[in-house]
2 protein chains.
Amino acid sequence: MHANVKQNVIPLITPGLKVACSQCNLRELCLPFGLSDVDMGRLDSLIGGGRKLKRGHYLYRAGDPFESIFAVRSGFFKTDVLTEDGRDQVTGFQMAGEILGMDGISTEIHTCNAVALEDSEVCLIPFTELEMLSSEIHSLQHHLHKVMSREIVRDHGVMMLLGTMRAEERLAAFLLNLSQRFSARGYSPAEFHLRMTREEIGSYLGLKLETVSRAFSRFQDDGLISVQQKHIRIVDIPRLKTLLTPADGRIG
Amino acid sequence: MHANVKQNVIPLITPGLKVACSQCNLRELCLPFGLSDVDMGRLDSLIGGGRKLKRGHYLYRAGDPFESIFAVRSGFFKTDVLTEDGRDQVTGFQMAGEILGMDGISTEIHTCNAVALEDSEVCLIPFTELEMLSSEIHSLQHHLHKVMSREIVRDHGVMMLLGTMRAEERLAAFLLNLSQRFSARGYSPAEFHLRMTREEIGSYLGLKLETVSRAFSRFQDDGLISVQQKHIRIVDIPRLKTLLTPADGRIG
DNA sequence: GGACCTCGTTGACTTTTATCAATGCAAATT
DNA sequence: AATTTGCATTGATAAAAGTCAACGAGGTCC
């Protein structure tokens, strides 16, 4: 049984979907982390409802005016940046409980695109209101800062990956990261469906899609994973981890 | 005449250096941006003094407990991340007016090292106090968020560079970025001293030092720049820019 | 002032990844 | 059920960057 099932077909964008942090099983992963019941109620009344997006549709695009950040309720997103000359860099993949849109705070204009990779739902969090509330609720303010800082730290990890790792290390790191995040959400750490194409993985990892495909095949040949198109099963997590620390792997 | 001159020799770390945003000519680049005189005075009284660091000394290290963020008053820093197996990724170079240390907010522990690449001075901004003050001064709160968001956007730019550009494009982007930042601080956009080694540039750009050196040499052969060790003069900024948009460069 | 030492440059060669191209697979459409 | 279409795999070859090694320049320390 797979952890990740597609949503039913739903309207393109449905504003006004009722949402409440206090009822949400993601609250410990998401913005309301650490809030008291009373404060969570105040956050509830600020959340501008939810939106449903069908696969392939944009939550926002580079150039859009920034008004809100978004919390992923369900589904899967990618963010990417485009240059004038058509280059495309995937900057992240976001799943339930993760926050999208913080790129827009700095200039009040979004600098990247956010696309649903499967039918998804988000909570809309108007940023001005969030700032007002967070100046009253210290733990909310602090947690917002933590969420932004965590994004910075995550980005440093991606830089490390892009700057110092070879193709197979990058892919191993990518799979282990997904595994850990699925696990934190109660899904299997060993078996999951990739929502993104080889090309999107390649863009994220700074590789061409053929290189990604070959690395998958080699992992399978080596008995580390089993791949069938987008379905991944990690057969040997510990050995996959040793790919990331080649020195230890050889010495140990 | 070079814009960037080494500081005199000074004690290793000197806490208690008197600093005041209201007197600082970097205030429009830095955290107090947009504050009224009154509010700037309140920020002044929060700043925990300044620190001087000699070249090669650490402002903080990965693993240090997080207490403050820092604003660079003068000098030049690099930040880098290390993995267990000894890999080292430079994640940024910081100059006057830029903020350091936001990586530590998320876990209350710094995740990277910050090293002075020349004798430098920073202002120490205790973060808990900054949060308290920013819940009272809305424009300070908002500007802090902008600074953090700008860091996220900057990181996306580095990902783009590492993920999609070839060696010479990366170096061109790097030089143009330095040029623009020196220019914003009133220094020459065309002539400056690099504070970092080829190896540090390479680490930042995901290249080996020899590749960086060869790219410099080729730029010089092509009449784009003039290089003499750490002294750089950009001879043809427009043409250097065309290296970043190869499609346009060929079509135009 | 000379020796040392770090950093930078350059060359020859190797490794890795990209590119180009063909084929296969599977889900979506009619 | 057949066709289309997008995605994935695989192979052959080319290009880019890395590695190893030697040498040179500049600054620092006695």
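Model, not experiment: these values are computed from the prediction.
In this structure the side chain of B:Asn113 reaches within 4.5 angstrom of the side chain of B:Tyr58, judged on heavy atoms. You'll find the side chain of B:Ser120 stays beyond 4.5 Å of the side chain of B:Lys52, heavy atoms only. Under the 4.5 Å side-chain criterion, counting only non-hydrogen atoms from C-beta, A:Ile234 is in contact with A:Ser179.
Following rounding to the nearest Å, A:Arg55 (CZ) and D:dC7 (C1') show an atom-to-atom distance of 11 Å. Atom NZ in A:Lys230 sits about 9 Å away from atom P in D:dT9, given to the nearest Å. Rounded to an integer number of Å, the gap from CD1 of A:Ile201 to C1' of D:dA8 is 11 Å. Between the C1' atom of C:dA18 and the CD atom of A:Glu199 lies a distance of 14 Å, rounded to the nearest Å. With rounding to whole Å, B:Glu169 atom CD is found 11 Å from D:dA16 atom P.
For A:Glu210, the salt bridge (charged side-chain N to carboxylate O under 4.0 Å, His left out) test picks out no residue, with sequence neighbours left out.
Checking the phosphate oxygens (OP1, OP2) of D:dC7, no side-chain nitrogen or oxygen of A:Arg198 falls inside 4.0 Å.
Judged by distance alone, with hydrogens and angles left aside, the side-chain atoms of A:Arg170 form a donor-acceptor pair with the main-chain N or O of A:Met165 at under 3.5 Å. The main-chain N or O of A:Ala96 is found under 3.5 Å from a side-chain atom of A:Arg185 such that the two form a donor-acceptor pair. A distance-only check finds a donor-acceptor pair linking the side chain of B:Ser217 to the backbone of B:Ser213 [under 3.5 Å].
With DNA chain D read from its 5' end, the first of the two nearest nucleotides for A:Val227 and B:Gln228 is the one closest to A:Val227.
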Report all side-chain donor-acceptor pairs from residues 153-163 of chain A shorter than 3.5 Å, counting only partners two or more places apart or in another chain.
{"from": "A:Arg154", "atom 1": "NH1", "to": "A:Tyr204", "atom 2": "OH", "distance (Å)": "3.4"}
{"from": "A:Arg154", "atom 1": "NH2", "to": "A:Thr91", "atom 2": "O", "distance (Å)": "3.0"}
{"from": "A:Arg154", "atom 1": "NH2", "to": "A:Glu151", "atom 2": "OE2", "distance (Å)": "3.1"}

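Here the rule is side chain to side chain contact (heavy atoms under 4.5 Å, CB included) with A:Leu240, and of A:Leu224, A:Val235, A:Asp222, A:Leu171 only A:Leu224 fits it.
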Is there any protein nitrogen or oxygen under 3.5 Å from a nitrogen or oxygen in nucleotides 20-24 of chain C, and what are the pairs?
{"from": "C:dC20", "atom 1": "N4", "to": "A:Glu210", "atom 2": "OE2", "distance (Å)": "3.2"}

Short N/O separations, protein against nucleotides 15-17 of chain C, under 3.5 angstrom:
{"from": "C:dT17", "atom 1": "OP1", "to": "A:Ala167", "atom 2": "N", "distance (Å)": "2.7"}

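Axis angle across the helix from C:dG1-D:dC30 to C:dT30-D:dA1, with five pairs used at each end and values rounded to 10°: 50°.
For B:Gln220, the CD atom counts as densely surrounded, since its 6.0 Å shell holds more than 12 non-hydrogen atoms of other residues, nucleotides or ligands.
Classification of the A:His110-A:Phe66 ring pair by plane angle, with boundaries at 30° and 60°, yields perpendicular. Ring-plane geometry between B:Tyr187 and B:Phe182 is classed as perpendicular, the angle between the planes exceeding 60 degrees on a 0 to 90 degree scale with a lower cut at 30.
B:Glu98 has no carboxylate O lying under 4.0 Å from a charged side-chain N of B:Arg150, or vice versa, which leaves the two without a salt bridge.
Taking a 4.0 Å limit (strictly below) on heavy-atom distances, residues 217-224 of chain B reaches DNA chain C at B:Ser217.
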